[in-house]
**Q** 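Sharing a structure here in structure tokens format.
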Amino acid sequence: MMVSEILSGWMKEAFVKALPDADISRVTVQEAANPAFGDYQCNEAMGIAKGLRKPPRDVAASVIAAAGAHPLVASLEIAGPGFINIRLKDDGLIESLEKMVCGERMGVPDDGAGQCVVIDYSSPNIAKPMHIGHIRSTIIGNALDRLYRRLGYRVIADNHIGDWGTQFGIIIMGYRHFADQEALQRAPVEELERIYVKSYEKTREDEAWMEQCRAELVKLQAGDPDNLALWEKFIELSLGEFDRVYRRLGVSFDLIRGESYYRDKLAGLLERLEHEGLAVESEGARVVMLEEEGLPLCIVRKRDGGFNYATSDIATVLSREDEFSPACIIYVTDERQQLHFKQVFSICRKLGCETPLMHVWFGLMRLPEGTFSTRQGNVIKLEALLDEAEARALKIVKESSPDMPEAQQREVARAVGLGAVKYADLSQNPQTMITFTWEKALALDGNSAPYLQYACARICSVREKYVQQFGEAGLQAAGIMITHPAERELVLQLLRYPDIVRRAALLYKPSVLADGLYAIAQKYSTFYQNVPFLKADSGVRESRIRLCAVTAQILQDGLALLGIETPERI
RNA sequence: GCCCCCGUAGCUCAGUUGGAUAGAGCAUCGGAUUUCUAAUCCGAAUGUCGCAGGUUCAAGUCCUGCCGGGGGCGCCA
């Protein structure tokens, strides 16, 4: 069990003993705000004292008296208006840490116990290249995917690709008139985008063209073999290119079901909505009124008879609920879809769907000069970003490790460049807008992936040097000792790891984990810089090498949860 | 007009169900390498937490109003 849970349980018991009538549901411990106060603190004596109309310090004192002794705890103290400060024994810290790292889960609790969670993320559109606007859903979604798996959930990562929209009429017309087969071979998605944009522009000035696009869409939706074949071709070309990016990013899905997967369910869904009196006619369209929910109405069938995104998403929810009975369905999209999902979720509720539905939204990525726009030509392709990241990393690797074989330099640069890009995104609270700058996305110092990777690489190096000089035998039996404040702070930080992983998942914020890992790496760097390892006395030496190893285990584990690799040398 | 987010150091951002003296990184200045990777470490400096009220033992955090920025609001996704 996590240290925080052990202490929380213990405090709860103490509150019950001291104050049998008090509501202890909120009693927990948290890490101390300031190391000078102790290691953990409990603040609830003040809240409970208020309800009981007793002096808070008296309540805290009676809780401390009732708590008695605990094998992990060195001291309990009252401070300020009624804080209870908890200081742990060094042995207790070490014992807890050893217990934590001996299992596969690094102390992270099995909250999911095998329950299913569907996570819907990335979801690019067919015939459009992935640009840096897609990176957040993909990277954040993938980190949540990994976090929920670690917490014991059976995750179904579903890439809900945009493969059935109204754009296909436009693309088909574009393809028939403007396609350059040679370009299509060379850079398929780029060419598809070009013909889409060209055809789209033509719809704006040429009404007849627009009509033909609509007609092609209707034909496609009616199952016309020629259009269907083209549609399949577009999908195949796009998926091939998406795959290349996903492989590079280390992202994989359990399902890739585009919107088209649900297309046969739409008519039936509309019937059901009408049958239950939810969908009504309005200006030729079918809409669901959501006044009670304080939301604008939602169109579930267009005037021309076509279905749109909302209907498709409702069908998707119902289908997933039916097929997987998930404990939760999580959507990872940008902030602009907040209203859309509120509407979709409300309608699902009205239809009797009880599955918890969660929209995890993130702020839009933009450039310093404003939003992205295909028309302004200022989109940055995802692959170009990754190329640039690797190139910059390679330059530094070549400077700092000139003796490293070229192939390894490239491999290191790949891991570091990719890590930097991912971390730049993951380390920030998702719900804030990101202003993209090359400088920030590719930062290699300070709070960045390379900083964490560097810490890991130094640990590997230290261990190697140790084994060279002293052999491996001494490490097997070596216990960790706390002989220096830097060691104690590091151990304390490592013990928080399971809490941090759980918190990151519960809040849908990989940034919480990134912050926690950065704090560990900072403590480690201080430790590394300020105490000798190889030149320490025998015994202390082994203890320190073991602490290094444990730190590496946790950093690697945490970075893996963020989808970031840790090369042995950088 | 209505709805949702955001406003914290020069810049980019953390800040736990309301808790103790609001913290990091970048940039700036000063120091550390005969020793384990200097992509590092140590130190200095930096704040009307947008503004005004309110709630309470305690507000960056909760409530109300205002100002500023972003996004959304019937046939795109």
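Throughout, a chain's letter reflects where its sequence line sits, starting with A, and its residues are numbered from 1.
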**Q** When we call it a touch if two heavy atoms are under 4.0 Å apart, what does A/R303 touch: a base, just sugar-phosphate, or nothing?
**A** base
**Q** Roughly how far apart, to the nearest Å, are B/rG70 and B/rA52 at atom P?
**A**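 Taking atom P in both B/rG70 and B/rA52, they lie 24 Å apart.
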**Q** Measuring only the C1' atom in each nucleotide, how far is B/rA77 from B/rU21? A whole number of Å is fine.
**A** 50 Å
**Q** Is A/T526 close enough to B/rC42 that one of its side-chain N or O atoms is under 4.0 Å from OP1 or OP2 there?
**A** yes
**Q** Exactly one of A/Y508, A/W361, A/F362 should register a side-chain contact (heavy atoms from CB on, under 4.5 Å) with A/V332. Which one does?
**A** A/F362
**Q** For a quick check of understanding: with a heavy-atom distance under 4.0 Å over all strands, which category does A/Y528 fall into, base, sugar-phosphate or nothing?
**A**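 Counting heavy atoms under 4.0 Å across all strands, the contact made by A/Y528 includes a base.
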**Q** For the CD atom of A/Q408 and the CD atom of A/E568, what is their distance to the nearest 0.5 Å?
**A** 9.5 Å
**Q** Just checking, A/R541 and A/F533: is the charged tip under 6.0 Å from the six-membered ring centre and within 45° of the axis?
**A**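 Not flagged: A/R541 not positioned over aromatic ring of A/F533.
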**Q** How far does the P atom of B/rA58 sit from the matching atom of B/rC6, given to the nearest Å?
**A**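 These two P atoms come out 26 Å apart once rounded.
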**Q** Does A/L339 reach a base, just sugar-phosphate, or nothing at all? Heavy atoms under 4.0 Å.
**A**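 The residue A/L339 makes sugar-phosphate contact but no base contact.
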**Q** Examine B/rA77: is either OP1 or OP2 under 4.0 Å from a nitrogen or oxygen in the side chain of A/Y309? Give yes or no.
**A**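 For A/Y309, the contact criterion (side-chain N or O under 4.0 Å from OP1 or OP2 of B/rA77) is not met.
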**Q** Provide the distance between the two P atoms, one in B/rG31 and one in B/rG23, to the nearest whole Å.
**A** 27 Å
**Q** I'd like to know if the side chain of A/K12 reaches the main chain of A/V27, judged simply by a donor and an acceptor atom lying under 3.5 Å from each other, with no hydrogens or angles considered.
**A** yes
**Q** Which letters describe nucleotides 10-21 of chain B, given B = protein heavy atom under 4.0 Å from base, S = only from sugar-phosphate, - = neither?
**A** --SSS-BB-BB-
**Q** When you measure from the side chain of A/V462, which nucleotide among B/rA77, B/rU37, B/rU40 comes out closest?
**A**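 Taking heavy atoms from C-beta onward, the closest nucleotide is B/rU37.
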**Q** So A/N530, base contact, sugar-phosphate only, or nothing? Heavy-atom distance under 4.0 Å.
**A** sugar-phosphate
**Q** Closest nucleotide of RNA chain B for A/G446 versus for A/T166: which of these residues is on the 5' side?
**A** A/G446
**Q** Round to the nearest Å and state the distance from A/Q469 atom CD to B/rC36 atom P.
**A**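 Taking CD of A/Q469 and P of B/rC36, I get 10 Å after rounding.
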**Q** Do any side-chain nitrogens or oxygens of A/S461 fall under 4.0 Å of OP1 or OP2 in B/rU37?
**A**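 Looking at the OP1 and OP2 atoms of B/rU37, one of them is under 4.0 Å from a side-chain N or O of A/S461.
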**Q** Can you tell me how far C1' of B/rG71 sits from CZ of A/F341, to the nearest Å?
**A**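 Result: 16 Å.
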**Q** If we check ring pair (Phe, Tyr, Trp, His ring centres under 6.0 Å) with A/H160, which of these qualifies: A/Y261, A/Y309, A/Y262?
**A**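 Output: one option passes, namely A/Y262.
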**Q** Is the cationic atom of A/R458 (NZ for Lys, CZ for Arg) positioned less than 6.0 Å from the six-membered ring centroid of A/Y528 and within 45 degrees of its normal?
**A** yes
**Q** Could you state the OH-C1' distance from A/Y451 to B/rC26, rounded to the nearest angstrom?
**A**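 Nearest whole value for this atom pair: 14 Å.
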**Q** Distance check needed: B/rC76 P versus A/H340 NE2, whole Å only.
**A**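 In whole Å, B/rC76 P and A/H340 NE2 are 14 Å from each other.
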**Q** From NE2 of A/H359 over to P of B/rC4, roughly how many Å is that when rounded to an integer?
**A**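 Taking NE2 of A/H359 and P of B/rC4, I get 16 Å after rounding.
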**Q** Pick the P atom in B/rG65 and in B/rC5, then give their distance to the nearest Å.
**A** 14 Å
**Q** Reading 5' to 3' and counting Watson-Crick or G-U wobble pairs with both distances under 3.5 Å, write the dot-bracket notation for RNA chain B, | for bases paired outside the strand.
**A** (((((((..((((.....[...)))).(((((.......))))).....(((((..]....))))))))))))....
**Q** For a side-chain hydrogen bond (donor to acceptor under 3.5 Å, both in side chains) with A/K523, tell me which candidate from A/Q493, A/E489, A/E487 qualifies.
**A** A/E489
**Q** For the side chain of A/A285, counting heavy atoms from C-beta on, which of B/rC36, B/rA77, B/rC75 is nearest?
**A**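 Looking only at heavy atoms from C-beta outward on A/A285, the closest nucleotide is B/rC75.
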**Q** Could you tell me whether the phosphate oxygens of B/rA38, OP1 or OP2, come under 4.0 Å of any side-chain nitrogen or oxygen in A/R458?
**A**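 Indeed, a polar side-chain atom of A/R458 lies that close.
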**Q** On the nucleotide B/rG72, are OP1 or OP2 found under 4.0 Å from the side-chain N or O atoms that A/K342 carries?
**A** no
**Q** Quiz question: by atom type and distance under 3.5 Å, do the side chains of A/Q522 and A/T526 form a donor-acceptor pair?
**A**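 Distance-only check fails for A/Q522 and A/T526.
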**Q** Within the side chain of A/N159, is there an N or O that forms a donor-acceptor pair under 3.5 Å with the backbone of A/S123?
**A** yes
**Q** Using the C1' atom as the point on both nucleotides, what is the distance between B/rA44 and B/rU34, in whole Å?
**A**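 Their C1' atoms lie roughly 29 Å apart.
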**Q** Considering only the C1' atoms, how many Å lie between B/rC13 and B/rU56, rounded to the nearest integer?
**A**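 Taking atom C1' in both B/rC13 and B/rU56, they lie 30 Å apart.
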**Q** Select one nucleotide: of B/rA24, B/rG74, B/rU40, the one nearest the side-chain heavy atoms of A/Y454.
**A** B/rU40
**Q** Quick one: which of B/rG74, B/rA39, B/rU40 gets closest to the side chain of A/S525?
**A** B/rU40
**Q** Can you tell me the distance, in whole Å, between the CG atom of A/L217 and the P atom of B/rC75?
**A** 16 Å
**Q** Check whether any side-chain N or O of A/Y524 sits under 3.5 Å from a backbone N or O of A/A519 as a donor-acceptor pair, and report yes or no.
**A**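 Checked: no pair found.
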**Q** Look at all strands and tell whether A/V412 reaches a base, only sugar-phosphate, or nothing, counting heavy atoms closer than 4.0 Å.
**A** nothing
**Q** Nearest whole angstrom, please: distance from the P of B/rU56 to the CZ of A/R53.
**A** 13 Å
**Q** Could you report the tightest heavy-atom contact between A/A521 and A/A455, atom names first, then the distance?
**A** CB-CB, 4.4 Å
**Q** Using atom C1' in both nucleotides, what's the gap between B/rG18 and B/rC57 to the nearest angstrom?
**A**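 After rounding to an integer number of Å, I get 12 Å for this pair.
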**Q** On RNA chain B, does the nearest nucleotide to A/F307 precede the nearest nucleotide to A/R569 from the 5' side, or the other way round? Give the residue.
**A**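 Of the two residues, A/R569 wins.
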**Q** Indicate yes or no: does A/R414 engage A/E411 in a salt bridge with an N to O separation below 4.0 Å.
**A**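 Salt bridge between A/R414 and A/E411, a charged N being under 4.0 Å from a carboxylate O: yes.
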**Q** In whole angstrom, what separates A/E390's CD from B/rA39's P?
**A** 21 Å
